[in-house]
Engineer: 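Just passing along the structure, written as structure tokens.
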2 protein chains.
Amino acid sequence: MATRERGGAEPLDASGVDHLVGFLLAIATAQTRQVYLQSVGTPFDLRTVEFTLLMLLLKNRGASPKRLAQTLNMPAPNVTVLIDRLVGRGLVERRRSSTDGRALQVLLTADGEALARKAHAESLSMEEPLLRRLSPGERVLLRELLLKLGTAA
Amino acid sequence: MATRERGGAEPLDASGVDHLVGFLLAIATAQTRQVYLQSVGTPFDLRTVEFTLLMLLLKNRGASPKRLAQTLNMPAPNVTVLIDRLVGRGLVERRRSSTDGRALQVLLTADGEALARKAHAESLSMEEPLLRRLSPGERVLLRELLLKLGTAA
DNA sequence: TATTGTTATACTCTATAACTATA
DNA sequence: TATAGTTATAGAGTATAACAATA
């Protein structure tokens, strides 16, 4: 390890936590969060959950809040508020299901679909700077390993 | 893809987001978060930041709030509140630096050190269930790849 | 009775501006 | 004038209980 003098203090000894995958995930997440905000979040005024919801609606027209909540891994009341905000911006709309009077269908408006497509196009390249140092094989492997971790339960 | 019938609805099509490393990180993080809460967070009543702070103090006695803030990647005011809480529980204490009247030293109390060591011991094995499906080589690789991502900026 | 969705609420997390005291 | 730390505050993220409408 090279000694760091520049900028003042050396970094603290993190050996009490850096054995944890959860710690490494947190640090990596900070990076992806930054590029997301820069390329999509700020330009399109979309928080990550809002972006994810639009992407889900793009591929699942008329999905119910219930199923959105399950996929987003988020309690139902929060999905209500989330949809409220997007309805307020004219990006999505709610329709009553014709087959089940309790259920709703959530649909993208024309504006919502246009925004969703633009945001998606941006998202395709935004992580490129982060992956620059990974070979194509490493990128594939990274995805596989993260997927294994995510489906471990 | 196998069709899923059990439990009711099939999962929504996530192909609009699952190309993103950030999305895979979020799902993996949900898993590590769960095992952390179960093994350390709930039993020791420590949120992840509190655990990390104790681990840092274990290896960096008397570190200043300023440097803790840098390492935790957290704004200074939040570190103040964080330390307040741990002081309130009798786990850490603040001392005025002898060489710089502005700076503080944050130290573990005897209770804090005992708790920190017990929590650390638990943390060493808590992720085992998540890594079960990964070979030793894959575990090493996972850490390397996450580290590359985390230091990409 | 069970399910879908909503309202209300609370606690944690993250971030910024304005202030005090030391240097 | 710059730095270390604090106070106050605001917004986003996460979670639960209680309720209305429909099945």
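None of the values given here were measured: they were computed from a predicted structure.
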Engineer: Using a heavy-atom distance cut-off of less than 4.0 Å, which residues of residues 16-32 of chain B contact DNA chain D?
Structural biologist: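 Contacts with DNA chain D under 4.0 Å: none.
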
Engineer: Should B:L147 and A:L142 be counted in the same cluster of Ile, Leu, Val, Met, Phe, Trp and Tyr side chains packed under 4.5 Å apart?
Structural biologist: yes

Engineer: With heavy atoms under 4.0 Å as the rule, sort B:S97 into base, sugar-phosphate or nothing.
Structural biologist: nothing

Engineer: Assign each of B:K66 and A:T48 to its nearest nucleotide of DNA chain D by heavy atoms, then name whichever residue's nucleotide is nearer the 5' end.
Structural biologist: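 Looking at DNA chain D, the more 5' nearest nucleotide goes with B:K66.
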
Engineer: Listing request: all side-chain hydrogen bond (donor to acceptor under 3.5 Å, both in side chains) pairs with a residue in residues 103-132 of chain B, at least two apart in sequence or in separate chains.
Structural biologist: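 Checked against side-chain hydrogen bond (donor to acceptor under 3.5 Å, both in side chains) - neighbours excluded - the pairs reaching residues 103-132 of chain B are A:H19-B:S123, B:E113-B:R117, B:E128-B:R139.
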
Engineer: Mind listing the closest non-hydrogen atom pair of A:L58 and A:A116 along with its distance?
Structural biologist: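 So the minimum-distance heavy-atom pair works out to CD2-CB, 3.9 Å.
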
Engineer: Figure out the CZ/C1' separation between B:R85 and D:dT6, and round it to whole Å.
Structural biologist: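 Checked: the CZ to C1' distance equals 17 Å.
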
Engineer: Can you measure A:L82 atom CG to D:dA12 atom P for me and round it to whole angstrom units?
Structural biologist: 12 Å

Engineer: Sugar-phosphate atoms are those with a prime plus P, OP1 and OP2; base atoms are the rest. Using that split, label each nucleotide of nucleotides 14-23 of chain D B, S or - for protein heavy atoms under 4.0 Å, 5' to 3'.
Structural biologist: BBBB----BS

Engineer: Measure the CG-CG distance between B:L107 and B:N60 for me, rounded to the nearest 0.5 Å.
Structural biologist: 11.5 Å

Engineer: Does anything in residues 27-45 of chain B pair up under side-chain hydrogen bond (donor to acceptor under 3.5 Å, both in side chains), and if so which pairs, sequence neighbours excluded?
Structural biologist: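 Qualifying pairs, neighbours excluded: none.
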
Engineer: Name the residue from B:D13, B:V17, B:L12 that meets the side-chain contact (heavy atoms from CB on, under 4.5 Å) definition with B:S15.
Structural biologist: B:D13

Engineer: So, taking the atom named CG in B:L104 and the one named CZ in B:R96, what distance separates them when rounded to the nearest 0.5 Å?
Structural biologist: 4.5 Å

Engineer: Could you measure the distance from the CG atom of B:L149 to the CG atom of A:L134? Nearest 0.5 Å is fine.
Structural biologist: 6.0 Å

Engineer: Who passes side-chain hydrogen bond (donor to acceptor under 3.5 Å, both in side chains) against B:R143, sequence neighbours left out?
Structural biologist: none

Engineer: Nearest 0.5 Å please: distance from the CG atom of B:L141 over to the CD atom of A:E138.
Structural biologist: 7.0 Å

Engineer: In whole angstrom, give the distance that lies between atom OH of A:Y36 and atom C1' of D:dA12.
Structural biologist: 13 Å

Engineer: Is there a side-chain contact between A:L56 and A:L72, using heavy atoms and a 4.5 Å cut-off?
Structural biologist: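 Result yes, sub-4.5 Å side-chain heavy-atom pair found.
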
Engineer: What is the first contacted nucleotide of DNA chain C and what is the last, in 5' to 3' order, if contact means an atom lying under 4.0 angstrom from a heavy atom of chain A?
Structural biologist: C:dT3 to C:dA15

Engineer: Nearest-nucleotide wise, let me know which of A:R47 and B:S64 is further upstream toward the 5' end of DNA chain D.
Structural biologist: B:S64

Engineer: Closer to the 5' end of DNA chain C via nearest nucleotide, is it A:A103 or A:D84?
Structural biologist: A:A103

